[in-house]
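Quick notes on the structure that follows.
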Amino acid sequence: MRTCRCTPGAIDTYQRRLSGPLLDRIDLQVSVCRVPIEALASEPRGEPSSLVRERVIHARRRQIERQGALNSQLKPGRLRQLAPLAPGSRRTLERWSAQRGLTARGFHRAWRVARTAADLDGSDEVLEHHILEALGFRLQDVAA
Amino acid sequence: MAIVGSRRPSPYGEAVAEQLGLELARAGVVVVSGLALGIDAAAHRGALNGGGVTVAVMGTGVDVIYPVAHTVLAESILAAGGALVSQFPDGTAPRRHNFPARNFTMAAISDVVVVVEAAEGSGALITAEAALDLHKEVMAVPGSVFSPLSVGTHSLLRDGAGLVQNARDVLALLNRGGEVLDDPLATPQTLGFRLRPERDGILSHLSDVLALNAAELARKLQLPVAEVLGRLTALELDGAVRRHQGGYVRALRRGKERA
């Protein structure tokens, strides 16, 4: 990994340029690391993109069939109806919100992503691990 | 006694600095540091948690809190009977060239300088050098051999700095009693944390120094990324892991609960 040479102050200033409300709207943040060139040849191949594509198409079809729209277009009311949470899952989402000071918007966005994680899984129900996965993608929530 | 180190420490370094600050303060030692981010702040915080007196030697005027985020910390230092001191006139803004002079002052008013995590060429090493010039004691806390933050401290140790594994090592040098024993600092990582093996197995694959992201961990464990991410988030909710530099590390502090 190459280390950033900026001072902590400069990094802070730079990161502050992205406002909270903007970051709040980013559902998926993924950190990637630099792969050493020599590792490229020996890496296991992983899943082919064609297979991932199949899964995505399938998940989108599920959404259209279930609700006539994609999950991203669901209003909170419809979301509650179409992605009800078991008490344990709800508690997890609420604990995170309290710890990280999640906004109402962030709360529903994470919930929507969890609905999609469940669809990718082929699951009718949104389970706790779907919620956890969705929260894991929210890199921007700062611990209080 | 001064505790100095990196402004961007690993969770390990931060935990060590806080614990040292706390134990030394409890032993009645005045903990000196520079009010900077990272190790400095952890040392001040530790001393405050230990109910002790701590002194912040500033590179700005005493009326200019830098970084601004430490305004509350500075107030707590004063409230606990400590002091903010500066060699610069009131209103002096943070200037790069003022900080080495500040580091020198920090060494001058301390009997011992303990360095916790310092990369090559860092300000903490300037403080250590100043301490040597002033015939003060320099001590260092060892770190991981994988971490660039150990380069400075390990070179100090190689050059004869005293080894610090716990507060007693420092107290012995100050003739404040306590024989030197080789037992480790009380590791705070299991305090109040209930381990659930089926979920927490991945913990043993995480370091407390180097961040690993979910994808790397998933590859190591041959598990789906989604599953690893979910398990990491569950551990994060419980305070057992923390996000650090785009990845995850084991948390050594239980945050507020340990304070």
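Only a predicted model underlies this, so the values are computations on that prediction, with no experimental measurement involved. Order of the sequence lines fixes the chain letters, A, B, ..., with proteins taken first and strands second; residue numbering starts at 1 for each chain.
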Salt bridge [X]-[Y], side-chain N to carboxylate O under 4.0 Å:
| X | Y | result |
| --- | --- | --- |
| A/Arg112 | A/Asp27 | no |
| A/Arg61 | A/Glu65 | no |
| A/Asp121 | A/Arg62 | no |

By a 4.5 Å heavy-atom criterion (distance strictly below it), what part of [X] contacts chain A: side chain, backbone, both, or neither?
| X | result |
| --- | --- |
| B/Glu216 | side chain |
| B/Ala215 | neither |
| B/Leu37 | side chain |

### Message
Check this for me: A/Arg55, atom CZ, are more than 12 non-hydrogen atoms of other residues, nucleotides or ligands nearer than 6.0 Å?
### Response
yes

### Task
Quick one: which of B/Asn213, B/Val225, B/Leu232 has the most heavy-atom pairs under 4.5 Å with chain A, could you say?
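Most heavy-atom pairs under 4.5 Å with chain A: B/Asn213.
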
